[in-house]
Structure formats: C-alpha cells, structure tokens
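Everything below concerns the one structure shown next.
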Amino acid sequence: NAGVTQTPKFRILKIGQSMTLQCTQDMNHNYMYWYRQDPGMGLKLIYYSVGAGITDKGEVPNGYNVSRSTTEDFPLRLELAAPSQTSVYFCASSPTGVVADTIYFGEGSWLTVV
Amino acid sequence: AQSVTQLDSQVPVFEEAPVELRCNYSSSVSVYLFWYVQYPNQGLQLLLKYLSGSTLVKGINGFEAEFNKSQTSFHLRKPSVHISDTAEYFCAVSDGGYGGSQGNLIFGKGTKLSVKP
C-alpha cells in the first residue's frame, strides 16, 4: 500500500529560488493537508483541501501556494524561498475532515534554504 | 483557543523500565486527544486517540493513555519499553477536525523518548 507519497525527500534551495513539493495519495481521500514541522516544535497547518478544486489557508500560509486539480494530488509551491522556510514538510490525507476518521501522513520532505 | 503542553522535551529510560510521557491540554470546547509517534526520518503514525467513552485508551505497541478531564491531562504510558520505542512522541488536541470548518488539530512540541540498553 502506497498511502501518502511525498517527493522529494530532501532538497537544498538557495534564497529566492522556487520549488514544488509533490504529494499524492492513493486512498481516494477527499481531505488533504500540508503541515510544516520546525525543530523542537509540533506540526503547524499550512494549507488544506476538502476536495478537488477547493483549497483554504491554515495557520501559517504565508510564502506558500497550493492547488488541487485532482483528488490524488496536492502540490505545495514555495515562492521566493527564505531561510525561515527551512523545515520538514508533511503531507497528509483523511477520508473526511472529522476526527472519527484517521489522518495518514507521508514520510516528510526535508527542506533547507541557504 | 486550544493548546497542548508536553511537559518533558526529553525522557531517557532504560530498556524494560516503565515510562510515562506527560501531556496537558487547554480547551474551552469538547476535546479529542491523540498521541502520535515519529520514528527517525519518518512521518507521524497514530498511537491512539480518545474520542469518547472509556477514559483509558489502549493503542498500538503496548501503549495506553488516560483522559483525565479534571486535570486536563492525557498522559501516555507503557509498562515496559523496548529499544525500538526510541522515537519522538507528539500529543495533539482537536475540537472536532483536522483543519478548517470541522475543527483544528493542534500539536504539542514533542517528547523525545530515548531507550537505553
């Protein structure tokens, strides 16, 4: 079972560069999420999506953009990378948005901005 | 607003000893509580969750947690740990959902459990 797949696993960016973190899930889940995890901190929600074509901001959306053209894919784009965006990024999905369902996390993408 | 406090950032313990990882929460509405485990260079995996009913919740890998409403706590316990339990553990609270209109999932800062032989 693939579950939630993220690419790349590791990436080093220079300040001002842009990149896209890819996320794909094969569980036909409606809800998808992007979190970031800074050292010594818990995860914080960047963006989420309740279905294809529908996205909304989470707690820390500045500097990021998302799109959801299909149920399976939820890419996260970083524009004009800054050192403050050095973090571990996790994509996740759930069938619905309620806690009675389980949320499944990808293995993470380690991003360093220098 | 909800918040989660994990009282210990690091917990070293010897193999086969018992362990308790402490978690306190703050919420003005109904709470749903979670413990997640993160092994090195991996994503988060659900250990257990409290939604309603019995306050003692059993999870995977021999872990359990007790919901204490009066103390606003949800401590994680295991009677005998193994080397393979070495990981970071996150407590989280939700008011109904994982993000957006259904509610939000708020994480604590994590506790690193280090099991030594």
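Below, chains carry the letters A, B, ... as their sequence lines are ordered, and counting in each starts from 1.
- The minimum heavy-atom distance linking A:Phe90 with B:Gln38 is given by the pair CZ-NE2, 3.1 Å.
- Remark: B:Phe14 CZ is loosely packed, at most 12 non-hydrogen atoms of other residues, nucleotides or ligands lying under 6.0 Å away.
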Are A:Phe105 and B:Leu46 close enough, and set up right, to give a side chain to side chain contact (heavy atoms under 4.5 Å, CB included), and what steps lead you there?
CA-CA 9 Å; A:Phe105 289 88; B:Leu46 179 67; over 6 Å; no
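- Interface residue A:Lys9: only side-chain heavy atoms are found under 4.5 Å from chain B.
- Neither the backbone nor the side chain of A:Tyr104 comes within less than 4.5 Å of any heavy atom of chain B.
- Of all heavy-atom pairs between A:Ala100 and B:Leu51, the closest is CA-CD1, 3.8 Å.
- A:Val4 and A:Leu111 sit in two unconnected hydrophobic clusters of ILVMFWY residues. Membership requires side-chain heavy atoms under 4.5 Å apart, directly or through other members.
- Within the 4.5 Å cutoff, no side-chain heavy atoms of B:Tyr39 are placed close to those of A:Glu107.
- Residue-environment remark: CD1 (A:Ile12) stays at or below the threshold of 12 foreign heavy atoms within 6.0 Å.
- Side-chain atoms of A:Tyr31 and B:Tyr98, non-hydrogen and from C-beta on, never get closer than 4.5 Å to each other.
- Looking at A:Gln37, the atoms closer than 4.5 Å to chain B (heavy atoms on both sides) all sit in the side chain, from C-beta outward.
- When all heavy atoms are compared, the tightest approach of A:Val99 to B:Ser94 is CG1-OG, 3.3 Å.
- Across B:Gly103, B:Gly108, B:Gly96, the residue that shares the most heavy-atom pairs under 4.5 angstrom with chain A is B:Gly96.
- Highest contact tally toward chain B, considering only A:Gly58, A:Gly40, A:Cys91, A:Gly42, is held by A:Gly42 [criterion: heavy-atom pairs under 4.5 Å].
- In terms of non-hydrogen atom pairs under 4.5 Å with chain B, the most contact-rich of A:Gly106, A:Gly108, A:Gly97 is A:Gly97.
- By the 4.5 Å heavy-atom criterion applied to side chains, B:Asn41 and A:Trp110 are counted as neighbours.
- Heavy atoms of A:Ile103 lying under 4.5 Å from chain B belong to its backbone as well as its side chain.
- Using a 4.5 Å heavy-atom cutoff, the side chains of B:Lys49 and A:Thr102 are in contact.
- Per-residue heavy-atom pair counts under 4.5 Å with chain B were compared for A:Asp101, A:Val88, A:Asp38, and the maximum is reached by A:Asp101.
- For chain A, the option among B:Lys112, B:Glu88, B:Gln42 with the highest count of heavy-atom pairs below 4.5 Å is B:Gln42.
- Rounding to the nearest 0.5 angstrom, the gap separating the CG atom in B:Leu105 from the CD atom in A:Glu59 is 11.0 Å.
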